[in-house]
Amino acid sequence: MRSWREKGLTYAVVVPFAIVLAFPFYFALVTMFKTNLDLANVEHSPYTYNDLRAGSTGTSGTTRRRSTSASCSRTRTTRRGSSTR
Amino acid sequence: MEARAARWKPAGGRWRHALESRRVLALLLIAPAVVFMALVVGVPFLWAIYLSFTDAVGGSLTGNWVGFDNFTSAVRDDNFRRAVRNTLIFTLASQAIVLVGAAVLSNFLVKDFRGKWFVRFLVVLPWATPVVLSTIGWLWLLDSLYSVVNWTLARLHLDHALVWFLGAVHLEEGAQVPLQWLGRPNLALVAITLVHAWRILPFAVVIFIAGRASIPNEVEDASKIDGATGIKKLWYVDIPLQLPIALVAVLFGIVFTAVDFAVVYILTRGGPFNSTQVLPTWAYFVGIDGGSLGAGAAISLFLFPLLVVVTVGMLFFARRAQVT
């Protein structure tokens, strides 16, 4: 490795490839621990685990900011989910 | 039995001589593989050829001879033509992506950097996982309502821009904001192509890295002494040396993509409106789901000429790659 610039270029190419190629597996790993309710809520971040027990407004940043719309959409999704299954 | 054992001498016996001879022993050792391949590949293949000339239906393995009717009616079918077109699109488009991606990525993965083994591990994952499992993952990632891709695009405020772009390049006109990746004909083509490319890329990268390693260091040193740098080195040294092995990777990729059933079947079931059917899924839907065994066999046999050409090319280039 000749210089830090070359090293930086290597990381700039290799890291995006690795993220794209491995992302479905990361997603599968995170989803493994989620509840169905968490998955079915489109306001929740799909990238992280959202703890539903922490409070009625959820814990992800976007849900906290718009708690009313989030809880509305959650009840909607829940009802739809239970009616189809 | 005991008497025979007593008479047995190390150098004696007709069979021992037979086993010593190269011709007999070689045949004997290769026979299990040949018999196995004949039973597992040869018999079903010949049976498929026979079925394609009959009007056999599901539940029976025989039928009345109908000549080339199955082939002619398959060719006249619009769905079949679309399946042929899609097979070619998926194969060529995904292999183009794979070729460029693997060339770039393998170039950087041979360098030394911290965490190289971990990056290599992440890169190889898609190839190491059964295609069915990873495709089910993609099914969720591209879901109509819970799509992670759409979620991310919406959070980055890129969703409307992407819809506008798709309309502007006439790829998918009239699309709406939660993009239906698997529910619109052209978007589904794009999605399936990308999943194929995602799956084959690690395989091509591994082969490219192996090919790079097989080039002796002396060539590198000699080109350095001769003052070859940058584009000229790439064009006159790197590409000619790596071309045979790259072709092997691409030909393997073509075979893996062209005969693949799982990706299309899991992601779209050939839909919407049979717009993403490929030859394997179309043969399955006609022959197994629809029960027209003869017609399905005829459809699947249309893959054969393509695969013969690719296989001959593969063997040819594999031999050349070994020599250099």
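Values reported hereafter were calculated over all heavy atoms of this structure, with side chains retained and with hydrogens, waters and symmetry mates removed. Bear in mind the structure is a predicted one, so any value in this text is a computation, not a measurement. Quick note on labels: first sequence line is chain A, next is B, and so on, each numbered from 1.
Both the backbone and the side chain of Arg114(B) come within contact range of chain A, with heavy atoms under 4.5 Å apart. Within the 4.5 angstrom heavy-atom criterion, no atom of Ser147(B) approaches chain A.
When Thr31(A), Leu9(A), Ile19(A) are compared by the number of non-hydrogen pairs under 4.5 Å with chain B, Leu9(A) comes out ahead. Taking chain A as the reference chain and counting heavy-atom pairs below 4.5 Å, the highest number among Asn150(B), Val124(B), Leu201(B) is found for Leu201(B). When Leu105(B), Val123(B), Val104(B) are compared by the number of non-hydrogen pairs under 4.5 Å with chain A, Leu105(B) comes out ahead.
Trp198(B) and Val20(A) get closest at one heavy-atom pair: NE1-O, 3.3 Å. Minimum heavy-atom separation, Phe25(A) to Ser134(B): CZ-CB, 4.4 Å. Between Leu21(A) and Leu122(B) the shortest heavy-atom distance is CB-O, 4.2 Å.
Counting heavy atoms from C-beta outward, Tyr146(B) and Pro46(A) have side chains that stay 4.5 Å or more apart. The shortest side-chain heavy-atom distance between Lys111(B) and Lys7(A) does not fall under the 4.5 Å cut-off.
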* Apply side chain to side chain contact (heavy atoms under 4.5 Å, CB included) to the pair Trp151(B) and Tyr47(A), showing each step before the final yes or no. => CA-CA 10 Å; Trp151(B) 190 92; Tyr47(A) 294 100; 3.6 Å; yes
* To do: Give the C-alpha distance, both sets of side-chain angles, the deciding distance and a yes or no for side chain to side chain contact (heavy atoms under 4.5 Å, CB included) between Val148(B) and Phe23(A).
  => CA-CA 11 Å; Val148(B) 178; Phe23(A) 175 69; 3.8 Å; yes
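Under a 3.5 Å cut-off, the side chain of Tyr11(A) and the backbone N or O of Phe113(B) do not form any donor-acceptor pair.
Surrounding CZ of Phe252(B) are at most 12 heavy atoms belonging to other residues, nucleotides or ligands under 6.0 Å away.
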